[in-house]
Asks: 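Let me begin by handing over the structure; questions about it come next.
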Amino acid sequence: MKNLIVTIDGPAASGKEKISKYISRRWRLKHLDSGILYRRLAYILLKDSININNLNEIKNKLQEINSISFQKSKKIRTQEISKFASKIAVYGFVRNFINKLQHNFVKINKNKKGFVIDGRDIGSVVFKKADLKLYIDVNPEIRAKRRYKQLIDSGEKSIYPKILKDIELRDKTDILRKNSPLVIPKNSFIIDNNGSFKETINQIKKILPKI
Ligand code: DC
């Protein structure tokens, strides 16, 4: 049987993870967070002191890497890794490397009912033929406020204007990059996540039972 693929795209801190997890639980689809792969790769390059402006250094390193874990980890959620991941994500060869890992993952998990995959280019590039595509829309100020609260609640130090600036910078990098920029995928449903989670879920419930 063909795997069902639901894609969730949207900018940094738009709530893709929370929404994907909800869909994963409710419709029993396996969740795959593509940002984790970019973050883990950024972590490896940073740890090995790879100069990310030297493309050959990155290419040589990629040849040594056979697989990257999809597991979440606190160590890859830092602001430093966020910025670094956004920087390496502009390179086409890095994106091809990560896209292959995602396709392999779906291929080797054929027994699953399907997948909900989130990122920046999932419905527009990686899984263009997905069964259902969602795009999460939230304005930058609300995203920054939520991220700020998250960091403060988890005991980390945080400054709201800095968070907002970082988010705007990451948006710029994600939207303006030449390779697979963040776009609203063709044939996708736009989900307004500016309000409460319940309001967001209500929009999704209207769309998802159809699949
Ligand atoms: O979703 P996230 O914040 O964990 O993603 C980290 C970075 O990885 C993000 O700044 C851009 C990049 N990314 C990407 O370019 N394409 C994806 N599909 C997922 C993430």
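Residue numbers run from 1 in the order of the sequence given. Whatever order the structure lists them in is the order used to number ligands and atoms, beginning at 1.
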Asks: Counting from 1, what ligand 1 atoms have a heavy atom of Ala85 closer than 4.0 Å?
Replies: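 Answer for ligand 1: 7 (C).
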Asks: Do any nitrogen or oxygen atoms of Asp118 come within less than 3.5 Å of a nitrogen or oxygen of ligand 1?
Replies: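 In this structure, Asp118 places no N or O atom under 3.5 Å from an N or O of ligand 1.
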Asks: Report, in ascending order of atom number, the atoms of ligand 1 lying under 4.0 Å from any heavy atom of Arg95.
Replies: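 Result: 14 (C), 15 (O), 16 (N), 17 (C).
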Asks: What residue and heavy atom of the protein are closest to atom 13 (N) of ligand 1, and at what distance?
Replies: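 It is Tyr38 CD1, 3.6 Å.
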Asks: Would you mind telling me if ligand 1 is within reach of the side chain of Ile122, the backbone, both or neither, using heavy atoms under 4.0 Å?
Replies: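 The answer is the side chain of Ile122.
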Asks: If you count the atoms of ligand 1 from 1 in the order shown, which ones are under 4.0 Å from a heavy atom of Ala89?
Replies: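 Ligand 1 atoms under the 4.0 Å threshold to Ala89: 12 (C), 15 (O).
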Asks: Closer than 4.0 angstrom, basic N to acidic O: yes or no for Asp121 and Arg177?
Replies: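 Salt bridge between Asp121 and Arg177, a charged N being under 4.0 Å from a carboxylate O: no.
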Asks: So for Lys83, does at least one of its heavy atoms come nearer than 4.0 angstrom to any atom of ligand 1?
Replies: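 No, Lys83 has no heavy atoms under 4.0 Å from ligand 1.
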Asks: List every atom of ligand 1 that sits less than 4.0 Å from any heavy atom of Arg39, numbering the atoms from 1 in the order shown and giving each element.
Replies: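 Listed by number with element, the hits are 2 (P), 3 (O), 4 (O), 6 (C).
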Asks: Heavy atom under 4.0 Å from ligand 1: found in Lys72's side chain, backbone, both, or neither?
Replies: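 Neither; nothing of Lys72 gets under 4.0 Å from ligand 1.
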Asks: Atom 19 (C) of ligand 1: which protein heavy atom is closest, and how many Å away?
Replies: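 Minimum-distance protein heavy atom for atom 19 (C) of ligand 1 reads Ser34 OG, 3.3 Å.
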Asks: For ligand 1, note which part of Ala12 has a heavy atom under 4.0 Å away: side chain, backbone, both or neither.
Replies: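 No part of Ala12 is near ligand 1 at this cut-off.
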